[in-house]
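My questions all concern the structure below.
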Amino acid sequence: MVLLHKAGDIIPEIIKPLVEHRTGKEIEICPPATCPACQSLVVRFAGEVAYRCENINCPARLKESLIFFASRDAMDIDGMGPAVIDQLVERGLVNKLDDIYSLTEEQLASLERMGAKSAANLITAIENSKSRPLHRLVTALGIRFIGGKSARILSEHIGSIDGFFKVTADELMGIPEIGPRMAESLVAFFAESRNMDTIQRLKQAGVNSIAEVRGPQNGRLSGKTFVLTGTLPELSRDQASEMIIAQGGRVSSSVSKKTDYVVAGAEPGSKYDKAIQLGIALLDQDGLLELLEG
DNA sequence: GAGCCTCGAGATCT
DNA sequence: CTCGAGGCTC
């Protein structure tokens, strides 16, 4: 896919014949465009029908932004799911991502299917989310191409949310696993002033924006790659991952010859078979714990 | 021999 | 998506 028009790019009419010659395919010109919902500049790709707005608070995508922000893999705000978010936005209580940190218990209790107890619990959950590690905040922003894994790598290298404001695409591409698409996406995201406003407000609300002190530099599991499959007796998949990462190990989702250990629980999937096939060391929960404890 | 392109493998993605 | 290997150019 070829980027045809973006704020500051060369005039599309000039690059059209060049791109067509190179790709051998006819392409459509994307005229300069602004988001119909919020007038932010939008980025469009050849062949892509949908607009992609850079503004995280754009009315057209606010609910989705919030759902992802509060989700388990991001800020993990228990009790703030799609149903609650839908009401908050419809009632105008939340117009920007950061508004959730100004909600009062009273406002929450006024929602459908939300009693005093649930409202109090949700306030606590929102408060707790302020102390999440930096990589969760970076994930929660919903930056295109930036998910949990790359957010973690970026946060380790950059150290604080302020560090993201001034980092250049070239600097980003020097970080392992960060290529041109992620670098450009990050730069575009932090160039949008409405995103910056929201981040500043999140900071003012007390959301953690600094990476924790780096884990054991030479963790016991440093350089080792793990893959989890099946259900472990006591540990959840997330717990096991956290424990491995805390010791310097890496957790990946598919088995390859670069995998050092496959941790298999009950009812393992095809990863188990592949581990056997490739002759990769297998661990059960006890084996993993033994390795973690040294 | 640096630079650019293509392609396949492996991993990730709002 | 990112990366590295292999092919091609200058």
Side-chain angles (χ1 to χ4, degrees), chain A residues 1-3 15 18-25 35 37 40 42-43 45 48-77 80-82 85-86 89 97 135-157 169-190 192 194-195 198-199 223-229 237-238 241 244-245 249-262 269-271 273-275 277-278 280:
Chain A
M1 213 171 284
V2 186
L3 179 60
I15 60 170
L18 299 175
V19 173
E20 284 186 338
H21 179 257
R22 188 179 297 162
T23 60
K25 285 185 229 156
C35 172
S40 167
V42 300
V43 177
F45 290 83
E48 229 176 75
V49 179
Y51 289 81
R52 181 169 291 274
C53 178
E54 295 290 342
N55 175 12
I56 196 178
N57 293 319
C58 174
R61 56 175 288 207
L62 180 60
K63 281 183 194 171
E64 289 300 320
S65 293
L66 285 161
I67 290 168
F68 185 64
F69 185 90
S71 69
R72 194 194 286 260
D73 289 338
M75 295 299 268
D76 194 13
I77 305 178
M80 188 138 115
I85 288 167
D86 190 67
V89 173
L97 224 58
H135 67 84
R136 281 185 172 267
L137 174 61
V138 174
T139 306
L141 293 173
I143 304 166
R144 196 180 189 198
F145 305 134
I146 307 301
K149 194 94 176 182
S150 38
R152 200 181 279 262
I153 295 169
L154 287 160
S155 300
E156 265 175 27
H157 279 81
D170 281 344
E171 286 165 348
L172 288 164
M173 280 165 58
I175 299 173
E177 308 294 308
I178 306 302
R181 310 299 298 278
M182 290 185 184
E184 291 297 341
S185 175
L186 284 157
V187 169
F189 182 88
F190 288 100
E192 165 61 54
R194 278 161 280 206
N195 296 338
T198 274
I199 294 168
K224 299 293 180 193
T225 300
F226 291 73
V227 173
L228 305 170
T229 181
R237 189 163 286 235
D238 280 349
S241 286
I244 291 165
I245 291 166
R250 301 198 325 139
V251 177
S252 147
S253 59
S254 60
V255 179
S256 74
K257 55 182 185 295
K258 289 185 180 172
T259 309
D260 294 291
Y261 298 99
V262 169
S270 61
K271 294 170 188 170
D273 303 329
K274 189 150 186 188
Q277 189 192 323
L278 294 173
I280 289 163

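Residue numbers begin at 1 in each chain, while the letters A, B, ... track the order of the sequences.
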query = Taking only residues two or more places apart in sequence or in another chain, which ones pass salt bridge (Lys or Arg N to Asp or Glu O under 4.0 Å) with A:Asp76?
reply = none

key: Euclidean distance, atom CD1 of residue A:Ile153 to atom P of B:dA11 [Å, nearest integer]   = 13 Å

ask   = Could you state the CD1-P distance from A:Ile146 to B:dA11, rounded to the nearest angstrom?
value = 19 Å

ask   = Please give, in whole Å, the distance from B:dC13 P to A:His135 NE2?
value = 12 Å

remark   = In terms of heavy-atom contacts, A:Thr139 and A:Gly147 come closest through OG1-O, 3.9 Å

I'd like a list of close polar pairs between nucleotides 2-5 of chain C and the protein, N/O only, cut-off under 3.5 Å.
| from | atom 1 | to | atom 2 | distance (Å) |
| --- | --- | --- | --- | --- |
| C:dT2 | OP1 | A:Gly179 | N | 2.9 |
| C:dT2 | OP1 | A:Gly179 | O | 3.0 |
| C:dT2 | OP1 | A:Arg181 | N | 3.4 |
| C:dT2 | OP1 | A:Met182 | N | 3.0 |
| C:dC3 | OP1 | A:Glu177 | N | 2.7 |

Distance in angstrom units between A:Leu186 CG and B:dC13 P, rounded = 12 Å

key: Considering all heavy atoms, the nearest A:Pro176-A:His157 contact   = CD-NE2, 4.0 Å

query = Mind checking what makes salt bridge (Lys or Arg N to Asp or Glu O under 4.0 Å) contact with A:Arg152, not counting sequence neighbours?
reply = A:Glu242

query = Given atom CD1 of A:Ile85 and atom P of B:dT14, what is their separation to the nearest angstrom?
reply = 17 Å

inquiry  = By the 4.0 Å heavy-atom rule, please label A:Ile67 as base, sugar-phosphate, or nothing.
reply    = nothing

request  = Please determine which of A:Leu186, A:Ile199, A:Ile146 meets the side chain to side chain contact (heavy atoms under 4.5 Å, CB included) test together with A:Leu141.
outcome  = A:Ile199

query = Once you round it to whole Å, what is the distance between P of B:dT12 and CZ of A:Arg144?
reply = 19 Å

query = side chain to side chain contact (heavy atoms under 4.5 Å, CB included) between A:Met80 and A:Ile85: does it pass, once the steps are laid out?
reply = CA-CA 7 Å; A:Met80 188 138 115; A:Ile85 288 167; 3.8 Å; yes

message = If I take atom CG in residue A:Asp73 and atom P in nucleotide B:dC13, what distance separates them, rounded to the nearest angstrom?
response = 10 Å

message = Using a heavy-atom cut-off of 4.0 Å across all strands, would you classify A:Ser150 as base, sugar-phosphate, or nothing?
response = sugar-phosphate

